[in-house]
Amino acid sequence: MEKLKLIEGKFNSEEAKEILLSLINSKIQFHTINEFSLQERTGVSKTGSTERIKELLETKKHILSIIEKSKKENLLLDIHSTLNIDYYSK
């Protein structure tokens, strides 16, 4: 397994918002494009990406509430994110 640090450090509310929403929005965009592409090719209107987009939108709401709380209370956010990558045979 490969472990890579993605985010590591303390951030004010604006920095945290920029970093985390950029990441979440990128994932939402990936799944939206994937879903659209599959729909165009196969006519299937609901995919695994549909559910993942819903989950990511809920996560985005939660992130925004955390950031709002940190902003109101003038707190820093200590954020740690690691990617775990495993290899599998096809």
Side-chain angles (χ1 to χ4, degrees):
M1 179 190 325
E2 302 283 341
K3 286 189 172 201
L4 307 167
K5 284 185 187 178
L6 184 61
I7 304 170
E8 185 76 28
K10 292 178 176 57
F11 303 93
N12 67 38
S13 58
E14 288 305 312
E15 293 167 332
K17 183 177 180 179
E18 184 177 341
I19 291 165
L20 296 174
L21 291 187
S22 176
L23 185 62
I24 291 292
N25 288 335
S26 178
K27 290 289 297 170
I28 291 169
Q29 182 181 11
F30 169 81
H31 284 287
T32 301
I33 290 168
N34 187 50
E35 184 178 50
F36 176 76
S37 177
L38 188 61
Q39 203 171 15
E40 286 294 308
R41 289 191 321 264
T42 65
V44 174
S45 62
K46 195 164 187 169
T47 66
S49 286
T50 305
E51 287 305 311
R52 187 65 183 130
I53 291 167
K54 287 178 188 175
E55 292 170 2
L56 289 166
L57 289 170
E58 284 301 313
T59 299
K60 184 176 179 177
K61 284 182 195 175
H62 192 174
I63 288 170
L64 287 170
S65 71
I66 292 168
I67 290 169
E68 188 60 33
K69 178 181 178 179
S70 73
K71 188 174 186 175
K72 284 180 184 175
E73 298 179 20
N74 199 28
L75 299 171
L76 293 177
L77 294 168
D78 194 7
I79 303 172
H80 305 270
S81 176
T82 303
L83 292 176
N84 297 323
I85 303 172
D86 289 323
Y87 298 96
Y88 292 96
S89 299
K90 291 183 180 181

**Residue Asn74 excluded, over 12 heavy atoms near CG under 6.0 Å** =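 For Asn74, atom CG is not crowded (no more than 12 foreign heavy atoms under 6.0 Å).
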**Message:** Counting only heavy atoms not in Glu55 (residues, nucleotides, ligands), do more than 12 fall under 6.0 Å from its CD?
**Reply:**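 Enclosed: over 12 neighbouring heavy atoms sit under 6.0 Å from CD of Glu55.
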Do [X] and [Y] have side chains that approach each other closer than 4.5 Å (heavy atoms only, starting at C-beta)?
X: Lys69; Y: Lys72; result: no
X: Leu38; Y: Asn34; result: no
X: Asn25; Y: Lys60; result: yes
X: Lys61; Y: Leu57; result: no

**Partner of Lys27 under side-chain contact (heavy atoms from CB on, under 4.5 Å), chosen from Thr59, Thr32, Leu56** =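 Among the candidates, only Leu56 passes.
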Drop me the distance from [X]'s [atom1] to [Y]'s [atom2], to the nearest 0.5 angstrom.
X: Phe36; Y: Arg41; atom1: CZ; atom2: CZ; answer: 11.0 Å
X: Ile79; Y: Ile19; atom1: CD1; atom2: CD1; answer: 6.0 Å
X: Leu76; Y: Ser70; atom1: CG; atom2: OG; answer: 8.5 Å

Expected list for residues 3-10: side-chain donor-acceptor pairs under 3.5 angstrom, two or more places apart:
from	atom 1	to	atom 2	distance (Å)
Glu8	OE1	His80	ND1	3.2
Glu8	OE2	His80	ND1	2.7

**Prompt:** Would you call Lys71-Glu68 a salt bridge at under 4.0 Å N-O?
**Reply:**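 Here Lys71 does not pair with Glu68 in a salt bridge, since their nearest N and O are not under 4.0 Å apart.
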**Request:** Spell out, yes or no, whether Ile85 and Phe30 are grouped together once hydrophobic residues are joined by side-chain heavy atoms under 4.5 Å, including indirect joins.
**Result:**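 No, it is not one cluster - the side chains of Ile85 and Phe30 are not joined through contacts under 4.5 Å.
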**Item:** ILVMFWY cluster, Leu64 and Ile53 together (side-chain gap under 4.5 Å)
**Value:**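 They do share one cluster, since a chain of ILVMFWY contacts under 4.5 Å joins Leu64 to Ile53.
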**Message:** Evaluate Glu51 against Lys54 for side-chain contact (heavy atoms from CB on, under 4.5 Å), listing each step before the verdict.
**Reply:** CA-CA 5 Å; Glu51 287 305 311; Lys54 287 178 188 175; 3.5 Å; yes
**Prompt:** Who pairs with Lys17 by side chain to side chain donor-acceptor pair (under 3.5 Å), at least two apart in sequence or on another chain?
**Reply:**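 Counting only residues at least two positions away or on another chain, Lys17 forms no side chain to side chain donor-acceptor pair (under 3.5 Å).
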**Asked** For Ile67 and Ala16, which heavy atoms make the closest approach, and how far apart are they?
**Response**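 For Ile67 versus Ala16, the nearest heavy atoms are CD1-C, 4.0 Å.
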**Item:** Side-chain (Ser26) to main-chain (Leu23) donor-acceptor, under 3.5 angstrom
**Value:**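 Absent.
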